[in-house]
Amino acid sequence: MTPKGVTLNTNSHKIKFARRFIRTLLKMRKNAPSSSSIEEIRKRSQRIKIAAYSSMAHAVGSRRAWSRAILFKLRNRARHHGMMRRRSMKKRVIKNDPPGDQSQTNKLRQLVPGGKAMDMCSLLEETAHYISCLSTQVKVMQTIADHLSK
């Protein structure tokens, strides 16, 4: 379902993602704190998760709605991060909506970044691409883990 003249080469996405992700991991390693408290480990895993999403969204570029949504969210997070540090740190309460009559389409819209603003056809197309990119992300991360465990 790619537009005419556009080729979908997952290998190029894979290489772009891997390079950017490894570069980010190396920066994180260089700036890593010496302590290994539970809080530091939680923060580090959150930074790795953000780096993985950011690297994949940058590898895909702005051609896809889900990657634009992730990049927009990360830019806003970076802008507001400084303001959040200045405020007193309050614990967030995660609100779970009751499992009422929620259609499968609405559930899918919540899972795919930027899915709330898409029509059904675009949602399915973006979902397929997002899943293939997540699969690529998992394969690259597994390869990195396998390489480092040797």
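- Taking each heavy atom of A51 and M28 in turn, the nearest pair found is CB-SD, 4.5 Å.
- Of all heavy-atom pairs spanning F17 and Q137, the tightest one is CZ-CG, 3.5 Å.
- No side-chain heavy atom of Y130 sits less than 4.5 Å from a side-chain heavy atom of R64.
- Across all their heavy atoms, P113 and A69 have their closest contact at C-CB, 3.6 Å.
- Counting heavy-atom neighbours within 6.0 Å of I38 CD1, excluding the residue itself, gives a total of 12 or less.
- A chain of hydrophobic side-chain contacts below 4.5 Å, direct or via other Ile, Leu, Val, Met, Phe, Trp or Tyr residues, connects L134 to I70.
- The shortest side-chain heavy-atom distance between M118 and L124 does not fall under the 4.5 Å cut-off.
- The nearest pair of heavy atoms linking A59 to H13 is O-ND1, 3.5 Å.
- Atom NE2 of H58 and atom CZ of R20 lie 4.0 Å apart (nearest 0.5 Å).
- Here CG of L108 is found 4.0 Å from OG1 of T127. Values are rounded to the nearest 0.5 Å.
- The hydrophobic clustering, which links ILVMFWY residues whose side-chain heavy atoms are closer than 4.5 Å, places V138 and L148 apart.
- In this structure, L71 and S54 approach most closely via the heavy-atom pair CD2-O, 4.5 Å.
- Side-chain atoms of T143 come within 3.5 Å of backbone atoms of K139 as a donor-acceptor pair (strictly under, hydrogens ignored).
- Interatomic distance, CD of Q104 versus CG of N106, reported as 10.5 Å (0.5 Å rounding).
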May I have the step-by-step check of side-chain hydrogen bond (donor to acceptor under 3.5 Å, both in side chains) for D119 and S122, ending in yes or no?
-> CA-CA 5 Å; D119 61 47; S122 298; 3.1 Å; yes
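- In this structure, NZ in K73 is found 10.5 Å from CG in N76, a value given to the nearest 0.5 Å.
- Of the inter-residue distances, the one linking K27 atom NZ with T24 atom OG1 reads 6.0 Å to the nearest 0.5 angstrom.
- In this structure, F21 and I48 have side chains that are in contact, with non-hydrogen atoms separated by less than 4.5 Å.
- Across all their heavy atoms, C133 and V60 have their closest contact at SG-CG2, 3.7 Å.
- Atoms OG1 and CE, from T136 and M141 in turn, are 12.5 Å apart once rounded to the nearest 0.5 Å.
- Tracing side-chain contacts under 4.5 Å through hydrophobic residues (I, L, V, M, F, W, Y), one never reaches M120 starting from L111; they form parts of separate clusters.
- A side-chain donor-acceptor contact under 3.5 Å links S45 to the backbone of R42.
- Counting only heavy atoms from C-beta outward, the side chains of E125 and H129 never approach each other to under 4.5 Å.
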